[in-house]
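This report refers to the structure that appears directly beneath it.
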Amino acid sequence: MLQVAQVEENFDLFVERLQKRGLTNAAEQLQELISLDGDRKKTQQQLDDIKAKSNQLAKEIGQLFKTGKKDEAEAAKAQTAELKEQSKTLGEALTSLQNQLLDRLYQIPNIPHESVPAGKSEDDNEVVKTVDDNTPKLADGAKPHWDLISEYDIIDFELGNKVTGAGFPIYKRQGARLVRAMINYFLDEAQKAGYMEVQPPIVINEDSGYGTGQLPDKEGQMYGITDSNLYLIPTAEVPITNIYRDVIVKEDELPIKNAGYTPCFRREAGSWGAHVRGLNRLHQFDKVEIVQIVHPEKSYDVLQEMVAHVEKLVKNLELPYRILRLCGGDLGFTSALTFDFEVYSAAQEKWLEVSSVSNFETFQANRLKLRYKDANNKKALAHTLNGSALAVPRILAALLENNQTADGIRVPKVLQPYTGFDLITRP
RNA sequence: AGAGGAGUGGCAGAGUGGUCGAAUGCGGCGGUCUUGAAAACCGUUGUACCGCGAGGUACCGGGGGUUCGAAUCCCUCCUCCUCUGCCA
């Protein structure tokens, strides 16, 4: 959520940056914010004055009663009625203005970083780096992962359909082992990189949804538990970052680095066709997430550090990959700068997004009221960042396709200590 | 899940309708004393919003209500503790 004071101070810059997202009416939207906030201040001032008068009067009445001047007290009481009426009216006006302001703020996305290219869709993302020396030359008759999955009997989509529904596969045999291996490998790497492992709830309340920005904008993306006002998490970012909601940390406690594994649940409403085939898009999937809370001056260095961490993972998995700088149109609502990682899935000849690493600057921290206190006890909003490290199913898809051989599917070296086998074999 | 109890400043803990943003203790910060430290003593020590400032307003788990006036009374929700039940 933007800070109105910042908007006023950097009006032209913010407008220009928001236009990179394709927000053509950015100027009007920001102007509206400022004028609403102006009204809010004015109304609050008036209300405060009325309340000051009421408080004063109430004190006097108390004194009069104490000293036995009943008649005077009753007379003074009569004066309060009008003040009360005004206070009620102004109070309602203020609440309404505050709500309008919040509504607006909730609807305006984060200001893109200066390096974000303008653009409408994923086609306009900037390819920062492509490392494709691991791209395999597949033999004729190489199969897409969904065919390999049935051939090797490692995931059962039909069973998942039966037990839950489409998009909830059941991993089994070496498939289940491989998923568990990846999770452990990713967590171990995160720990080596200095992240503290946490295992958060996978169900969150409304406040948490607002804190990281899933609510109100993306309500349709989450599964709701409507009888208790809770949601299944779409990513571990939500519970892990919300640990620090309403928290003031000491400056020397930064950076805070947490990592956690959770299943993630996404409704993916309206998804259909080839890109939901097999493991390409699921309603439930496993992911290890890394989260950092840092000093504002350090956040872009940390973003690079996190990108490097993810890059190491895909490299170690021996997958061809590329790194994209997301354009304004593809940038997430809450993010200022995002790098996506895609791995090449050689049989379906597609790049699959497996990680998204973002700097949210103060956008989340402002909603979360997540601040740090410096040596002089000055408080300021911290910066938050997170990244997938990594999402499992698409990595699995690429591994299956790229590593298929006549004898079976080769398991990358780094995972072998975790799987206990180096080849996925037919049943 | 049922019955009972409780939620107050960083922590502990008073306050049951009127100068209460809130006693007191601990902790923190500054100072005196000391070669240094401890002890002792003195002072200071919540957050947010509005205002150039003086200052004002709000906050005693959250929300709503009664009242001229609410930490204090009422309703509701949440959380914690104890007992009973259930369960991995």
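Below, all heavy atoms of this structure are taken into account, side chains as well, without hydrogens, waters or symmetry copies. In what follows, every chain begins at residue 1, and chains take the letters A, B, ... in the order their sequences are listed.
Across A/Asn316 and A/Val414, no two heavy atoms sit closer than the pair O-CG2, 3.4 Å.
Look at A/Asn55 and you'll find a side-chain N or O under 4.0 angstrom from OP1 or OP2 of B/U57. In this structure, A/Lys369 does not reach the B/A48 phosphate: none of its side-chain N or O atoms is under 4.0 Å from OP1 or OP2. Contact check, A/Lys379 against B/U47: a side-chain N or O comes under 4.0 Å of OP1 or OP2.
B/U19 sits 15 Å from B/A70 when the C1' atoms are compared, rounded to a whole Å. Nucleotides B/G7 and B/A14 have their P atoms positioned 9 Å apart, rounded to a whole Å. The gap from the P atom of B/U72 to that of B/C83 amounts to 30 Å, rounded to the nearest Å.
Near RNA chain B, meaning a heavy atom under 4.0 Å from it, residues 32-48 of chain A has A/Arg40, A/Lys41, A/Gln44, A/Gln45, A/Asp48 in order of number.
A heavy-atom distance below 4.5 Å is not found between the side chains of A/Gln292 and A/Ile256.
Relative ring orientation between A/Tyr223 and A/Phe265 is described as perpendicular, the plane-to-plane angle rising above 60° on a 0-90° scale split at 30° and 60°.
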Report, one pair per line, the protein and nucleotides 18-20 of chain B atoms (nitrogen or oxygen only) whose separation is under 3.5 Å.
unit_1, atom_1, unit_2, atom_2, d
B/G18, N2, A/Ala58, O, 2.9

Show each protein N/O and nucleotides 72-80 of chain B N/O combination with a separation under 3.5 Å, one pair to a line.
none

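Distances from the side chain of A/Arg371 to the nucleotides B/A58, B/G69, B/A48 place B/A48 closest.
Here B/U79 sits opposite B/A6 as a Watson-Crick or G-U wobble pair (both hydrogen-bonding atom distances under 3.5 Å).
In this structure, a donor-acceptor pair under 3.5 Å is present between the side chains of A/Asp286 and A/Tyr261.
Between A/Lys77 and A/Gln56, the one whose closest nucleotide on RNA chain B sits nearer the 5' end is A/Gln56.
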Residue pair A/Gln364, A/Asn110: steps toward the side-chain hydrogen bond (donor to acceptor under 3.5 Å, both in side chains) verdict:
CA-CA 9 Å; A/Gln364 289 184 329; A/Asn110 200 358; over 6 Å; no

